[in-house]
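The residues of the chain are indexed from 1 along the displayed sequence. If you're wondering where the values come from, they're calculated on a predicted model, not measured in any experiment.
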Amino acid sequence: MNSVVETANSRPPLPRNEPVHDYAPNSPERAAIKAALEQMSKERVELPLIINGVEQRTGRCEPAVMPHRHDHVLGDAHLASATEVNAAINAAIRTWHDWSKWPWTERAAIFLKAAELLSGPWRDRLNAATMLGQSKTVHQAEIDSAAELIDFWRFNVEFMRRLYEDQPISAPGVWNRTDYRPLEGFVFAVTPFNFTAIAGNLPTAPALMGNTIVWKPAATAKYSAHLIMQLLQEAGLPDGVINLVYGDGAEIAEIALADPRLAGVHFTGSTQVFNNIFRKVGLNIDQYRNYPRLVGETGGKNFIVAHGSADVAALAAAIIRGGYEYQGQKCSAASRIFIPASLWPTLKTVLCDEIATIRVGDVADFSNFMGAVIDEKAWRKHMRVFEEVKSSSAKILRGGEAEDKTGYFIAPTLIETDDLDSRLLREEFFGPIVTAYVYRDSEFEAILEKIDQSGTYGLTGAIFSRDRRIINRALSGLRSAAGNFYINDKPTGAIVGQQPFGGARMSGTNDKAGSMWNLIRWTSPRSIKEAFVSPRDYRHPYLSNSSADD
């Protein structure tokens, strides 16, 4: 697209947060998702690579299975070799020369259309794929693969518009402008299994800004990635803008990070993997054409700290939802709680009683609150935690059971420890395991300091109190401990346009997905100065002869 349409006054539709369907009994949306689940469960589809808009089948395949019914194969993904990865990079580079010149309104239109398609005819299919392939309940899928991804695509357009409107002042006789150029090269997007919305946003946010992408989704989220790519193609995304490759993450990263044309990395996943990406980029720094932009959201050991003035019922609900929804497999999940001794007897009883009512099983059964953890590796990791607890001073108060015959099921588990330095309070397990530490009410200040200083991570946290002075004290004392901080609410569920998401420390670069601050990272601004009447003489006034100085 070589012609540029004058768009100075163009105003895309104002974004709005997508309404969340509740799938109540006898509702139309409940019947529709049930039908989609039944139909898609009967299919075994091919999941080809998409390079330059063309499906590629390598014959080296890996199954995509249901975590809650691990003998059920949903599809077979074709895995990339070095040949296909390099082809994807080359396709992105070739496409960049055209896509980077598209008017922003034309790029925006594609992603706004994608949002409308997902809000309507694609909603059930992508939600069902997320439920079946990633073992999300219908509610967790709805707030993720429908509402949040729609919100990303709508709000990112508005954030882009606002960014482009930020222009410098101009002195008389001069016109100053900022040209927000795409990065020069390709962006490597590496996406996780736990949020389909993140998988959809990480490649599309840079693409919206005119960049071209090589996208490597998580091995355990290949099925939903396939549908996202199909949806984007239906929305009109040109060939080669986003190139989808499945395969071994380390092998693909080795090739992508060694390429001199790497412009940036957009990553969500483990801290360890992101650290490895940083190291590889550092080792290769002399060969890049530009310094690559590294944007990452990584791990979390997220906390809830309660004061003696907290509402116990609200606190219990936040712990259960924050700790056990989607099997605790959220970057933001609450996994450590700090409770004053005055509240613990009552809270412990409430938590144990409520946890006992939680049903775990097949997500197609809408009476289940939890599904399965993502794969056998995760299941075995949680089992090792339980074995460790049994041989320590910590106590499993509820849960600690597991089953893997049909699916990778882990019971919602509550542990109590009296060791503030326990790894139960320091390390991320990424599962439905919540550890409680009980402190003396008089030690509230010391607990705030301990939470702040002992944290490797800095993603999310929450304070529960009905005393405003205590809330303000926690806001101050825990200012660096969490990039997203919640007052009397669970530390999960950030909404695009409302709570931009991201943390610092070893939780990532805090570039705030769902905000203008993320999109800024995918531009390379150019300052332009135009002089309307150019000087015709190099001499400045001070060089003129003056008799007064003689």
Pair E427 + R336, salt bridge at N-O below 4.0 Å: no
Short N-O contact, E18 and R123, less than 4.0 angstrom: yes
Residue pair D144 / L149, side-chain heavy-atom distance below 4.5 Å: no
Test item: I374 and F430 side chains (from C-beta on) under 4.5 Å apart, heavy atoms: no
W344 atom CH2, over 12 foreign heavy atoms within 6.0 Å: yes
Check: H266/N518 side-chain N/O donor and acceptor closer than 3.5 Å: yes
Aromatic plane relationship, H307 with F444 - under 30° parallel, 30 to 60° tilted, over 60° perpendicular: perpendicular
Heavy-atom closest contact (T196 atom, S224 atom, distance): OG1-OG, 3.8 Å
S270 side chain vs V273 backbone, donor-acceptor pair below 3.5 Å: yes
SB check R440 E443 (cutoff 4.0 Å): yes
Spatial distance of atom OG1 (T271) from atom OH (Y457) [nearest 0.5 Å]: 4.5 Å
Backbone of A24 reached by a side-chain donor or acceptor of S27 within 3.5 Å: yes
Side-chain donor/acceptor of T298 to backbone N/O of G508, under 3.5 Å: yes
Side-chain ion pair, D353 and K348, N-O less than 4.0 Å: no
Gap separating the CZ atom of F485 from the CG atom of L459, nearest 0.5 angstrom: 13.0 Å
Stacked cation flag K222 on F193, 6.0 angstrom / 45 deg: no
Side-chain donor-acceptor pair present, T460, N302, cut-off under 3.5 Å: yes
Contact check, side chains of S135 and M66, non-hydrogen atoms, under 4.5 Å: no
Any donor-acceptor N or O pair under 3.5 Å, side chains R469, N472: no
SB check D365 R359 (cutoff 4.0 Å): yes
Side-chain donor-acceptor pair present, T220, Q134, cut-off under 3.5 Å: no
Charged tip of K136 within 45° of Y326 ring normal and under 6.0 Å: yes
E445 (side chain) donor-acceptor with I447 (main chain) under 3.5 angstrom: no
Exercise: identify the closest heavy-atom pair between P206 and L202: CD-O, 3.0 Å
Result of checking T413, L397, V350, L414 against I355 for side chain to side chain contact (heavy atoms under 4.5 Å, CB included): L414
Side-chain donor or acceptor of W215 paired with backbone N/O of F188 under 3.5 Å: no
Separation between CZ of R161 and CG of D166, rounded to the nearest 0.5 Å: 11.5 Å
Any donor-acceptor N/O pair, N211 side chain to V187 backbone, under 3.5 Å: no
Side chains of F195 and K330 in contact at under 4.5 Å (non-hydrogen atoms): yes
Electrostatic pair E158:R154 at N-O distance under 4.0 angstrom: no
Test log, rule salt bridge (Lys or Arg N to Asp or Glu O under 4.0 Å), inputs K395 and D418: CA-CA 9 Å; K395 297 176 288 186; D418 58 3; over 6 Å; no
Nearest-0.5 Å distance, CG of residue N127 to CD of residue Q140: 11.5 Å
E354 side, atom CD; L347 side, atom CG - distance, nearest 0.5 Å: 11.0 Å
Shortest non-hydrogen contact from R30 toward P25: CD-CA, 3.5 Å
Backbone of L424 reached by a side-chain donor or acceptor of K301 within 3.5 Å: yes
Steps toward side-chain contact (heavy atoms from CB on, under 4.5 Å) verdict (R125, L227): CA-CA 8 Å; R125 274 184 285 173; L227 269 73; 3.9 Å; yes
Any donor-acceptor N/O pair, T523 side chain to P525 backbone, under 3.5 Å: no
Of D441, V438, D311, V312, the residue whose pairing with L343 passes side chain to side chain contact (heavy atoms under 4.5 Å, CB included): V312
Under 3.5 Å donor-acceptor, T130 side chain and L126 backbone: yes
Polar side chain donor-acceptor pair, S309 to S465, under 3.5 angstrom: yes
Whether over 12 other heavy atoms sit under 6.0 Å from Q272 CD: no
Rounded distance (nearest 0.5 Å) linking atom OG1 of T268 with atom CD1 of I198: 5.0 Å
Closest contact, heavy atoms only, T492 versus A334: CG2-N, 4.5 Å
R321 CZ: over 12 foreign heavy atoms closer than 6.0 Å: no
Closest non-hydrogen atom pair between A263 and L183, with its separation: O-CD1, 3.6 Å
E428 side chain vs G300 backbone, donor-acceptor pair below 3.5 Å: yes
Test side-chain contact (heavy atoms from CB on, under 4.5 Å) applied to N156 and N201, step by step: CA-CA 9 Å; N156 280 348; N201 182 55; 3.0 Å; yes
Non-hydrogen atoms of F366 and I33 that approach each other most closely: CZ-CG2, 3.7 Å
K377/D375 salt bridge by N-O under 4.0 Å criterion: no
Greater than 12 external heavy atoms within 6.0 Å of K280's NZ: no
Stepwise side-chain contact (heavy atoms from CB on, under 4.5 Å) test for I320 and I358: CA-CA 10 Å; I320 291 172; I358 294 176; 3.9 Å; yes
Residue pair P67 / V373, side-chain heavy-atom distance below 4.5 Å: no
Salt bridge (Lys or Arg N to Asp or Glu O under 4.0 Å) assessment of D511 paired with R293: CA-CA 11 Å; D511 287 295; R293 303 286 175 86; over 6 Å; no
R423, CZ atom: more than 12 neighbouring heavy atoms under 6.0 Å: yes
Check ion pair R380-E376 (N to O, under 4.0 angstrom): yes
Check: V295 and W522 side chains under 4.5 Å, non-hydrogen atoms: yes
Evaluation steps, side-chain contact (heavy atoms from CB on, under 4.5 Å), between I463 and I304: CA-CA 6 Å; I463 173 68; I304 294 176; over 6 Å; no
Plane angle bin for F278 and F274 - parallel if under 30°, tilted between 30 and 60°, otherwise perpendicular: perpendicular
